[in-house]
Amino acid sequence: MSCMRRFCHETQSHDSLHSCMCRRSVALLLLKMSEERDPAALSGSAQTEGEEDLFVSAMESPEAARLSAEDISPSSNGPRDDDPDDPDDLFAEATEEVSLDSPERQPILSDGPSPAITPVTISPRVDVFDRSPDLDEDEEENRDTFDIQISVSDPEKVGDGMNAYMVYKVMTKTSLSIFSRDEVCVKRRFSDFLGLHSKLASKYMHMGYIVPPAPEKSIVGMTKVKVGKEDLSSVEFVEKRRSALERYLLRTVKHPALLKDPDVLQFLESSELPRAVSTQALSGAGILRMVNKAADAVNKMTIKMNESDAWFEEKQQQFENLDVQLRKLHASVESLVCHRKELSVNTASFAKSAAMLGNSEDHTALSRALSQLAEVEEKIDQLHQDQSYADFYLISELLGDYVRLITAVKGVFDQRMKAWAKWQDAQVMLQRKREAEAKLQYASKPDKLQQATDEIREEIEEWEGKVQQGERDFEQISKNIRREVGRFEKDRVKDFRVVIIKYLESLVHTQQQLIKYWEAFLPEAKAIA
Amino acid sequence: KIYEPEVHSDRRKWRMRSVSVDLNNDASLVIDIPDALCERDKVKFTVHTKTTLSSFQKPEFSVPRQHEDFIWLHDTIVETEEYAGFIIPPAPPKPDFEGPREKMHKLGEGESSMTKEEYAKMKQELEAEYLAVFKKTVQVHEVFLQRLSSHPMFRKDRNFQIFLEYDQDLSVRRKNAKEMFGGFFKNMVKSADEVLISGVKEVDEFFEQEKNFLLDYSIKIKDATAKAEKMTRSHKNVADDYNHISGALNNTAADNNTAFKNMCVLQKVEDRMASDQELKLTELLRYYTRDIQAAKDLLYRRARALADYENSNKALDKARLKGKDVAQAEENQKQCLQKFDKLSESGKKELTSFKARRVVAFRKNLIEMTELEIKHAKNSVSLLQGSIEILKSN
């Protein structure tokens, strides 16, 4: 909560922005408040005992590794059709028409009972994200004692002009023993985060670990900030980035292997960090990265893998589908954010117009009512604005994160393919060497034979070793991926649920405010005489 | 009234049926539009009359009428000299199915590229829009007729009776009327009104006030209407987005289905909120923009009559000077004065009752809109809280 207040302090110097930021801060405050109330928040604080145990036990007993029995119902539930004869149609009452004009007609407003929530059974859509029952024992232990809180706050601009950059305060609070202190504060810039990610990716991706992707670079956004444009869009950009960096770190430390990684520890704890130059796009390392990416793409096309394990094929397909769906959803949510902003603008504009109309109206009571209406609409406009921030920060950003995460997941599957290819190549080489050995018997002169035979025997041993290693690596990466995917799925479900709950709560809040405003207006309307 | 849409998918015909009977104060002439059929571009309204007046042939009857028939009726009343002192109820606007038609087009084009669920959703949206446009247009045509039937002079109008009773197609009569009047009044330059009205030297305090009020108010209400329209449209866009989002969520989150099913219903609530707001607020403003114009037209006619009277005075003076055609000029002046007085007298009554009518209508619609918004918001809250419960308990 404190970081919110300091953030406001930041903008106090920019008077015109202050009120805007305050309002957004209020919205974010609301989110943070509900986050703090909810123990299963993104900050990764300790899970409630009961919830965790339920989940663990469900995971470990094989037959219970599916949705509970009540969820498997034979009836399918598609979206409800607008059937006017449907007794559950909530709006059968609301379509009363009243004339605009003749005072003789009585309003036929119904006071129907408020609709009960019809309990709907969950459709038998196959739970495609099979939660793999094999989890490492010690990983479960870690989860039980997972206690670390990270916040990214207080963006500060350092330097001027095109060399300027933003510095963020990273605060870690934890009781875990691997950390040297239980509360640490460091300053980091964006390229530091990118550097961390790049190191983690190079260390762990080839083992099949899903390394959370870092937030995206944005040349346009950053340039505005550098150049010193202090308008609302650059302030929003910084806030968006700050939030993204925080989520990135939280996801990274949630991964049990990454949490223990020395680079991560160094990132979170040490006051000085060597500058990660290789993250710049046009650096030598950057160019190397681009070349590698291209090579990978070509390889992917040429590797034709014999998939012996149906699980992998299935999963890959599922992730492809999920990718498509998430992108679509993301696009829809962005459209919502946009339209809600429009609604806010149009409501404000209508409010002004209604006020003018009220001034012009010569009937006193009606004039007053119209002015009150204008005020209500203004308040509603503010509500819409705040709601659109929630739309954006909660849902839209989450979806964006997951679209990028899915890419990382797909990358891990590709790594497995590469491991398989390496193993296969080793086998091919071994075969060649063995053939060469056999040929030797007939080929060379007797005196050179012994030397050549020794050489080839050495090579065969070498390649036998490589084949074994290749097989081991392939099996290891397959095992890792199964585990990682299981973990990813669990996290995804939880993440989405937490965020959706928060979002729905924000919607509830908005609607409750609406009720308050309209209920206050009603007597004014009735007072028109 | 409850509207039940009946869709005939073969020819994209829509029929709306209203169920209850409206309470009308004066049972001697009760008019309503219980039924409307939309086929391609044309809307056929069923105009139903119940009457105890002997001037009609039967006590109850129905006729089919098109929008153009309403316009014909309006125009003949406007052109009638006797009614110059009355506020003529504004003509209902042409039914505008452009929005839904565009959507229908998009639906047809995109059918192959959409999933079955997306298609069903778009179809739902389309039906809702058709219904909304339908409701509006029936309401506005009905109100027009009811204004006429509740006015002591208009209800006796011969053409009104023909409109209600004549069981043949009116289009022949319509053509004749056009030839007779040639749309004379409508072709006049409207901007001249403003100048004429404001230029009149007003002796009567009442009319002076009314003129100032109406001129200013008409500008403001036109602006408010436009802004309300934009606001309502944005609101509908947001509701549409909820629709798409709930569809997409259903696809991605296999295990959170129930909660997202509630999102579908939530979308309907939002949509209903937007439509009710439109019906009560935006339509109210639209209607009164037109009605204010009708009131201004009355002022115009009166100003015209005053100008004629002043001209006749000048002509009389000239005639007296020249000593020629004095009697004629005197007669002309007397008639102009009579006309002007008559217009002023009935104009005063009309404008006073107009104000009362306006205040009552605003009050009623604002109350209804507020009550509906509260109701929908409460619905939303319980839906959302239900979803939250389900998600938290999972």
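Residue numbering restarts at 1 for every chain, and letters A, B, ... go by the order of the sequence lines. Values below: all heavy atoms of this structure, side chains included; hydrogens, waters and symmetry mates excluded.
- Remark: A/L336 CG to B/D240 CG distance equals 11.0 Å, nearest 0.5 Å.
- Taking 4.5 Å as the limit, some side-chain heavy atom of A/L373 sits within range of a side-chain heavy atom of B/L281.
- With contacts defined as side-chain heavy-atom distances shorter than 4.5 Å, the pair A/L366/B/R363 does not qualify.
- Atom CE of B/M231 and atom CD of A/E377 lie 4.0 Å apart (nearest 0.5 Å).
- Only the side chain of A/L370 comes within contact range of chain B, judged by heavy atoms closer than 4.5 Å.
- Using a 4.0 Å cut-off between charged nitrogen and carboxylate oxygen, A/K352 and B/D223 do not count as a salt-bridge pair.
- From A/W518, atom CH2 reaches atom NZ of B/K378 across 14.5 Å, with rounding to the nearest 0.5 Å.
- The pair B/D241-A/R340 does not meet the salt-bridge criterion, since no charged nitrogen lies less than 4.0 angstrom from a carboxylate oxygen.
- Listed here is the closest heavy atom pair of A/E342 and B/N237: OE1-ND2, 4.2 Å.
- Atom CZ in A/F496 sits 12.5 Å away from atom CG in B/L391 (nearest 0.5 Å).
- Contact tally against chain B (heavy-atom pairs below 4.5 Å) for A/D362, A/V333, A/V508, A/L522: the top residue is A/D362.
- With respect to chain A, the highest number of heavy-atom pairs below 4.5 Å among B/D216, B/L366, B/V238, B/I219 belongs to B/V238.
- For chain A, no part of B/E389 is nearby; none of its heavy atoms comes within less than 4.5 Å.
- Side-chain contact between A/L357 and B/Y288: absent, with no pair of heavy atoms (C-beta onward) separated by less than 4.5 Å.
- Listed options A/L514, A/T347, A/V324 were ranked by heavy-atom pairs under 4.5 angstrom with chain B; first place goes to A/T347.
- We find the OG-CD distance between B/S380 and A/Q512 to be 11.0 Å, quoted to the nearest 0.5 Å.
- Shown here is B/M369, whose CE atom has more than 12 heavy atoms of other residues, nucleotides or ligands within 6.0 Å.
- Here the shortest heavy-atom pairing between B/I374 and A/E519 reads CD1-CG, 3.4 Å.
- The candidate with the highest count of non-hydrogen atom pairs below 4.5 Å against chain A, out of B/K123, B/Q385, B/K230, is B/K230.
- By the 6.0 Å contact criterion, CZ on A/R368 is open, its count of non-hydrogen atoms from other residues, nucleotides or ligands being 12 or less.
- Rounding to the nearest 0.5 Å gives a distance of 7.5 Å between CD of B/Q277 and CZ of A/F350.
- Other residues, nucleotides and ligands contribute more than 12 heavy atoms inside 6.0 Å of the NZ atom of B/K136.
- What you find for A/Q511 and B/V381 is that their closest heavy atoms are CB-CG2, 3.5 Å.
- Residues forming a ring pair (Phe, Tyr, Trp, His ring centres under 6.0 Å) with B/H151 (at least two apart in sequence, or on another chain): B/F86, B/F154.
- In terms of heavy atoms, A/E361 sits closest to B/F213 at CA-CE1, 4.0 Å.
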